[in-house]
Undergrad: 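Take this structure first; my questions come after.
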Amino acid sequence: MADTLTVTDNRTGKTYQLPITDGTIRAADLRQIKVQDNEFGMMSYDPGFLNTASTRSSITEIDGDIGILRYRGYPIEQLAEHATFLETAYLLLHGELPNADQLTEWELSIQRHTVVHENVKQFMEGFRYDAHPMGMFISTVAALSTYYPEAKAVRDPVNRKKQICRLIAKAPTIAAFSYRHCQGYPYNYPNNKLSYTGNFLAMMFKMVEAKYDPHPVLAKALDILFILHADHEQNCSTNAMRAIGSSEADPYSALAGAAAALYGPLHGGANEAVLKMLTEIGDVKKVPEFIEQVKAGKCRLMGFGHRVYKNYDPRAKIIKRTADEVFAVTGRNPLLKIALELEKIALNDEYFVKRKLYPNVDFYSGLIYQAMNLPVTMFPVLFAIPRTVGWLAQWAELLDDGEQKIARPRQIYTGPGVRDVVPITHR
Ligand code: CMC
């Protein structure tokens with residue numbers, strides 16, 4: 001009887017014992033609950049997966065009630081302080097932090113793949129002059145599958161590792177090219193002498209100077225932001241990566257789908273939406289009026305609230321500290337005043353307190369990006385670069401998980417019953 005759930009079906013009076021493992025029952029165990037033998041059996045209904053675990057995972061742990069985020073057991077605060085983004089990427093993909101030799105080898109295996117085929121550059125040049133960089137990023141990542149057809153062999157571990165390195169290496173290059181395209185600037189090739197984020201900043205901002213030295217504080221701040229965004233367990237885009245990956249599509253196609261899921265304003269597009277919101281508010285004096293509009297349901301306070309965190313998002317705390325370091329170099333972003341005032345009012349207002357709405361990762365990240373001269377349209381792309389690592393770690397875990405099958409939810413059909421087609425002349 002221990003570790004079981006007793007369910008009585010009041011339609012039939014029958015009682016069932018369902019095993020409980022890790023505080024969970026298996027949805028398929030509900031299928032034995034039927035009124036008639038020839039019925040399909042009971043299902044659970046869970047739009048938006050509010051209470052459904054889709055996988056067992058050993059990558060990222062979140063305790064949203066107390067605001068904890070850990071990668072492979074390591075608290076996000078310690079990783080942000082003591083590790084680099086590429087060390088964190090290694091950790092997420094391999095399960096352990098690298099030693100010095102492993103890190104050197106890992107960095108080299110990424111650097112080997114930073115360049116994209118010249119033809120990819122020409123392909124990107126075909127986009128409209130004002131194309132949104134995220135649209136370019138998504139499409140170009142998808143196009144990479146045509147360059148690496150061998151990536152279809154997703155069950156081959158050596159091949160899989162190569163595609164993982166390619167994607168992590170090329171994501172910043174494609175991202176920077178998409179920015180240069182919409183600015184009308186020539187594209188910069190990668191410089192492997194620089195760090196992962198230093199190289200990205202150089203590809204973004206180098207103009208005619210012979211040598212571009214990214215500011216070390218800004219490169220470090222971006223590295224921290226990348227660590228914070230690297231993974232976040234079963235969120236919307238990771239779920240998309242896993243769903244596409246479950247059909248054994250190649251990782252470029254799957255990752256393009258994940259990036260598309262990230263693009264929406266309720267997910268990775270939120271940082272862009274925050275900046276738009278702060279700009280529209282425009283003045284600290286207008287904050288109370290805006291809060292009233294939010295409470296009246298006319299709009300949302302973007303950058304607030306989270307499906308899992310019902311406490312301060314731990315990433316937002318680290319970002320707030322990082323913002324001070326960046327502003328010491330770049331000067332204070334004038335929108336910060338409005339953001340701080342919004343946070344102050346919201347954290348003390350009953351509407352937000354009752355619903356446990358706190359600032360999430362996107363509330364302050366946009367202010368840092370803007371201070372670093374990164375345009376608002378690049379914000380979701382800046383989320384997609386580091387999340388590439390999380391998507392790939394989750395994809396690899398899925399492929400090695402013997403319990404996983406092609407993702408295929410059920411539905412409750414609510415349409416008409418069977419009826420006959422009437423020829424068009426009689427309709
Ligand atoms: N502003 C105002 N009210 C809100 C907000 C908000 N940002 N978020 C949630 N609520 C209210 C919502 O109206 C509802 O109220 P009621 O119970 O009266 O109907 C209640 O809080 C619960 O909201 P929900 O929409 O059921 O919660 P959810 O878990 O489905 O949505 C969310 C989570 C992140 C989509 C939502 O909080 C939101 O839209 N936030 C703004 C967008 C944003 O910042 N997204 C970034 C998420 S963090 C980065 C990432 O992982 O992508």
Side-chain angles (χ1 to χ4, degrees), residues 46-52 59-65 67-69 71 76 134 225-242 258-278 280-281 287-320 338-339 342-369 376 379-391 394:
D46 189 12
F49 305 117
L50 264 80
N51 197 37
T52 296
I59 301 172
T60 291
E61 184 188 4
I62 300 176
D63 186 330
D65 288 332
I68 278 178
L69 170 61
Y71 295 159
I76 193 70
M134 191 62 172
L225 283 160
F226 278 10
I227 292 172
L228 303 183
H229 285 87
D231 193 49
H232 213 232
E233 53 117 309
Q234 308 312 313
N235 52 82
C236 174
S237 57
T238 301
N239 186 56
M241 181 83 194
R242 280 179 172 266
L262 184 76
Y263 192 11
L266 300 188
H267 191 11
N271 48 16
E272 187 174 349
V274 169
L275 250 281
K276 278 197 189 120
M277 172 189 79
L278 294 176
E280 272 163 33
I281 297 173
V287 168
E289 185 192 321
F290 179 77
I291 292 277
E292 286 314 310
Q293 283 176 14
V294 171
K295 285 161 65 176
K298 290 188 185 143
C299 55
R300 287 207 158 188
L301 175 50
M302 299 311 286
F304 256 69
H306 199 276
R307 172 63 59 79
V308 181
Y309 293 120
K310 300 301 167 197
N311 204 320
Y312 214 102
D313 182 336
R315 300 169 298 176
K317 272 190 202 155
I318 301 169
I319 288 184
K320 228 174 148 182
I338 301 173
L342 275 172
E343 181 184 327
K344 197 177 88 193
I345 296 188
L347 291 182
N348 291 299
D349 188 293
E350 210 217 319
Y351 175 94
F352 297 90
V353 174
K354 206 172 102 197
R355 290 169 179 79
K356 298 189 177 164
L357 301 171
Y358 291 87
N360 60 49
V361 67
D362 290 318
F363 194 63
Y364 288 105
S365 60
L367 292 173
I368 303 186
Y369 293 146
V376 175
F379 292 1
V381 183
L382 289 158
F383 197 152
I385 300 170
R387 186 55 62 85
T388 292
V389 167
W391 290 328
Q394 300 271 349

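This one's a predicted model, so the numbers in the text were calculated from it and none came from an experiment. Read the numbers this way: they start at 1 and go in the same order the structure lists the ligands and their atoms. Throughout, residue positions are numbered sequentially from 1 according to the sequence presented.
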Undergrad: Please check whether H232 reaches ligand 1 - meaning an N/O of the residue sits under 3.5 Å from an N/O of the ligand, judged on distance alone.
TA: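 Looking only at distances, the answer is no, because the N/O contact criterion of under 3.5 Å is not met.
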Undergrad: Are more than 12 heavy atoms, taken from residues, nucleotides or ligands other than K295, located less than 6.0 Å from that residue's NZ atom?
TA: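 Buried by this count: over 12 neighbours within 6.0 Å.
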Undergrad: Below 4.5 Å, heavy atoms only, C-beta onward: do I291 and F352 meet side chain to side chain?
TA: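 They are in side-chain contact.
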Undergrad: For F363, which part has a heavy atom under 4.0 Å from ligand 1: side chain, backbone, both, or neither?
TA: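 Contact part for F363 vs ligand 1: neither.
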Undergrad: Run down the list K354, R387, R307 and name the one with the heavy atom closest to atom 29 (O) of ligand 1.
TA: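 That would be R307.
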Undergrad: Say whether L357, considering both its backbone and side-chain N or O atoms, lies within less than 3.5 Å of an N or O atom on ligand 1.
TA: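 In fact, backbone or side chain, L357 has no N or O that close.
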Undergrad: Quick check on contacts: which atoms of ligand 1 are under 4.0 angstrom from a heavy atom of A270?
TA: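 Answer, ordered by atom number: 43 (C), 44 (O), 45 (N), 46 (C).
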Undergrad: Could you say whether the N/O atoms of R355 and ligand 1 ever approach to under 3.5 Å?
TA: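 It does: an N or O of R355 is found under 3.5 Å from an N or O of ligand 1.
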Undergrad: Which of the numbered atoms in ligand 1 are under 4.0 angstrom from any heavy atom belonging to G303?
TA: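 Result: 43 (C), 44 (O).
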Undergrad: Is the contact between N235 and ligand 1 made by the side chain, the backbone, both, or neither, using heavy atoms and a 4.0 Å cut-off?
TA: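 It is neither; nothing of N235 touches ligand 1.
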Undergrad: Please identify which atoms of ligand 1 are closer than 4.0 Å to at least one heavy atom of V294.
TA: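 Heavy-atom distances to V294 below 4.0 Å select 1 (N), 2 (C).
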Undergrad: For residues 263-277, pull every pair meeting salt bridge (Lys or Arg N to Asp or Glu O under 4.0 Å), keeping only residues two or more places apart or in separate chains.
TA: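 Only E272-K276 qualify under salt bridge (Lys or Arg N to Asp or Glu O under 4.0 Å).
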Undergrad: For the CZ atom on F49, are there more than 12 heavy atoms of other groups (residues, nucleotides or ligands in this structure) within a distance under 6.0 Å?
TA: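 Count not over threshold, so no.
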Undergrad: Could you work out, for atom 32 (C) of ligand 1, the closest of M277, R300, K295 by heavy-atom distance?
TA: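 Going through M277, R300, K295 one by one, R300 has the nearest heavy atom to atom 32 (C) of ligand 1.
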Undergrad: Which atoms from ligand 1 have a heavy atom of L266 less than 4.0 Å away?
TA: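 Counting from 1, the qualifying ligand atoms are 39 (O), 45 (N), 46 (C), 47 (C).
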Undergrad: Counting the benzene-type ring for Trp, do H232 and F383 have ring centres under 6.0 Å apart?
TA: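 Between H232 and F383, the centre distance exceeds or equals 6.0 Å.
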Undergrad: Look at atom 27 (O) of ligand 1 and say whether a protein heavy atom is found at less than 4.0 angstrom from it.
TA: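 No, no protein heavy atom sits under 4.0 Å from atom 27 (O) of ligand 1.
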Undergrad: For K317, enumerate each residue passing the salt bridge (Lys or Arg N to Asp or Glu O under 4.0 Å) test, keeping only those at least two apart in sequence or located in another chain.
TA: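 Testing K317 for salt bridge (Lys or Arg N to Asp or Glu O under 4.0 Å), a comparison that skips the adjacent residues, returns none.
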Undergrad: Answer yes or no: is there a side-chain heavy-atom contact under 4.5 Å between V274 and Y364?
TA: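 No - every pair of side-chain heavy atoms lies 4.5 Å or more apart.
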Undergrad: State the atoms of ligand 1, each with its element, that fall below the 4.0 Å cut-off from a heavy-atom position in L301.
TA: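 Atoms satisfying the 4.0 Å criterion: 1 (N), 2 (C), 6 (C), 7 (N).
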Undergrad: Any non-hydrogen protein atom below 4.0 Å of atom 38 (C) of ligand 1?
TA: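 Looking at atom 38 (C) of ligand 1, one finds that a protein heavy atom does lie closer than 4.0 Å.
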Undergrad: Report, in ascending order of atom number, the atoms of ligand 1 lying under 4.0 Å from any heavy atom of V361.
TA: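 Selected atoms, number and element: 49 (C).
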Undergrad: Does the N or O separation between R315 and ligand 1 drop below 3.5 Å for any pair?
TA: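 Such a contact does not occur with ligand 1.
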Undergrad: Hey, which atoms in ligand 1 end up nearer than 4.0 Å to a heavy atom of D362?
TA: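 In order of numbering, the contacting atoms are 46 (C), 48 (S), 49 (C).
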Undergrad: Would you confirm whether any non-hydrogen atom of the protein falls under 4.0 Å from atom 19 (O) of ligand 1?
TA: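 Flag for atom 19 (O) of ligand 1 set to false, no protein heavy atom closer than 4.0 Å.
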